[in-house]
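In this chain, numbering begins with 1 at the start of the sequence shown.
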Amino acid sequence: MKKTILFAVGCICAILGFIGVFLPIIPTTPFVLLALTCFMKSSDKMHTFVLENKYLAPYVKDFVSGNGIPIKAKKRAIFLIWITIGFTVLVVLDRTILKIMLLIIATSVSAYIWTRKTTVE
């Protein structure tokens, strides 16, 4: 049951990551990393497929191999996080507690991304 759920979540994330390759508003790298994590525990075949896919692999290859994340990708990911969460906090949500929670999440994810090793381009 656990493998089935992980496989399903991995497929959904891989599809969202693939869409993100062509649609800049969807963050590709986090979805592909999550898909890889799910597939690592559920399907070796799909894990290998993502790592060898010509569209998805470039987004995670350096991170998975331990080389880090390109600075351009870091800046883009953090920018998109703050644009989407900022819009949600300012326009969509009414409840203060939800706004605070989203801002804490955005800050935490941004700090995590920024503190990862950076590749030399």
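At a threshold of 4.5 Å between side-chain heavy atoms, the hydrophobic network of Ile, Leu, Val, Met, Phe, Trp and Tyr places V9 and I12 in two separate groups. Follow the hydrophobic side-chain contacts under 4.5 Å out from V92 and you never reach I83; the two are in separate clusters. Both W114 and I85 belong to a common hydrophobic cluster when Ile, Leu, Val, Met, Phe, Trp and Tyr are linked at side-chain heavy-atom distances under 4.5 angstrom. Hydrophobic clustering (ILVMFWY, side-chain heavy atoms < 4.5 Å, transitive): V21 and V32 are in one cluster. Note on L6: it does not cluster hydrophobically with L34, by side-chain heavy-atom contacts below 4.5 Å among ILVMFWY residues.
Of the inter-residue distances, the one linking D94 atom CG with K99 atom NZ reads 6.5 Å to the nearest 0.5 angstrom. Here the CE-CG distance, from M101 to L103, works out to 11.0 Å after rounding to the nearest 0.5 Å. To the nearest 0.5 Å, atoms OG1 (T107) and CG (L102) are separated by 10.5 Å.
Side chains of W82 and V89 form no contact here, defined as non-hydrogen atoms less than 4.5 Å apart. In this structure, the side chains of M1 and I5 come closer than 4.5 Å at one or more pairs of heavy atoms.
Pairing each heavy atom of I113 with each of A77, the nearest pair is CD1-CB, 4.1 Å. The two atoms that bring T118 and K74 nearest to each other are OG1-NZ, 2.5 Å, heavy atoms only. Between L80 and T84, the closest heavy-atom pair is O-OG1, 2.8 Å. Across all non-hydrogen atoms, the minimal contact from I81 to S110 is CG2-OG, 4.2 Å.
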Inset, instruction - Could you check L36 against M40 for side-chain contact (heavy atoms from CB on, under 4.5 Å), going step by step and ending with a plain yes or no? - result: CA-CA 6 Å; L36 279 175; M40 187 170 40; over 6 Å; no
Inset, instruction - Using the ring pair (Phe, Tyr, Trp, His ring centres under 6.0 Å) rule, take Y55 and F22 through it: C-alpha gap first, then chi angles, then the decisive distance, then the call. - result: CA-CA 10 Å; Y55 297 108; F22 304 102; 5.8 Å; yes
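Scanning for side-chain contact (heavy atoms from CB on, under 4.5 Å) contacts around V91 gives F87, with sequence neighbours left out. By the ring pair (Phe, Tyr, Trp, His ring centres under 6.0 Å) test, F39 is found to be paired with F7, residues two or more places apart in sequence or in another chain being considered.
At distances below 3.5 Å, not a single donor-acceptor pair connects side-chain atoms of K3 with backbone N or O atoms of S42.
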